[in-house]
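Some notes on the structure that comes next.
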Amino acid sequence: DLESLHNLLTTQGKGDLEYFNPHSFDIKTLKRYQKSHTFLMMGTFDRNKLVGYFFLRFFANKKCFVGRLIDTQYRGKGIGAMMNMIMYETSWRMGFRCLSTISRHNKNVIKAHAKNPNLVVLKEMSNDYLLVEFVKIVNSAVSER
């Protein structure tokens with residue numbers, strides 16, 4: 001539902017969108033990405049209300065960039081962790097590397113990923129951004145069986 005997505009994206013506070021800008025939020029752009037074969041858009045709902053948006057953007061070099069946004073009222077409830085696992089697993093099962101960029105100034109995302117065992121910093125980029133990869137952790141006790 002692009003109207004719901006547009007509403008979610010345009011009703012967040014300026015600070016909430018400062019570091020989340022994977023694309024424009026107008027309906028025309030959202031329609032273009034919805035039709036794209038390289039862009040997978042997903043939502044998280046509370047009953048019929050869209051409360052989270054997450055996406056995977058696939059590239060021919062087997063890299064996938066991911067991103068997510070959760071409505072302010074729904075943060076801190078474990079929704080982000082579930083969204084992450086869906087993005088990671090989708091990317092990994094399709095044979096893609098799962099990547100993202102994170103601003104060092106985005107304190108909420110830095111805090112959210114502080115204990116993320118899947119996150120590996122690949123390099124520091126300009127403007128205080130980090131290029132990170134979410135890697136699959138193989139449990140050695142399970143893999144030995």
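Values reported hereafter were calculated over all heavy atoms of this structure, with side chains retained and with hydrogens, waters and symmetry mates removed.
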Note, [X] side chain near [Y] side chain (heavy atom, < 4.5 Å):
X	Y	result
E18	N106	no
I70	M83	yes
I79	R68	no

Heavy-atom donor-acceptor pair, K49 side chain to S4 backbone, under 3.5 Å:
no
So, does T44 use its side chain to make a donor-acceptor pair with the main chain of V51 at under 3.5 Å?
no
Check the orientation of H105 and Y19. Use parallel for under 30°, tilted for 30 to 60°, and perpendicular for over 60°.
parallel
Describe, in one word, how the ring planes of F55 and F20 are oriented to each other, choosing from parallel (under 30°), tilted (30 to 60°) and perpendicular (over 60°).
tilted
Within the 3.5 Å criterion, strictly below it, is a donor on Y88 or N118 matched to an acceptor on the partner's side chain?
no
Which value, rounded to the nearest 0.5 Å, describes the distance between [X] atom [atom1] and [Y] atom [atom2]?
X	Y	atom1	atom2	answer
L2	L9	CG	CG	10.0 Å
C64	M87	SG	CE	9.0 Å
M41	F54	CE	CZ	11.5 Å
Q12	T72	CD	OG1	4.5 Å

Where do T90 and V66 land on the side-chain contact (heavy atoms from CB on, under 4.5 Å) test, with the steps shown first?
CA-CA 11 Å; T90 302; V66 299; over 6 Å; no
L17 vs L69, side-chain contact (heavy atoms from CB on, under 4.5 Å): CA-CA, chis, key distance, verdict
CA-CA 9 Å; L17 299 175; L69 175 75; 3.9 Å; yes
Any salt bridge between R75 and D16, counting N to O under 4.0 Å?
yes
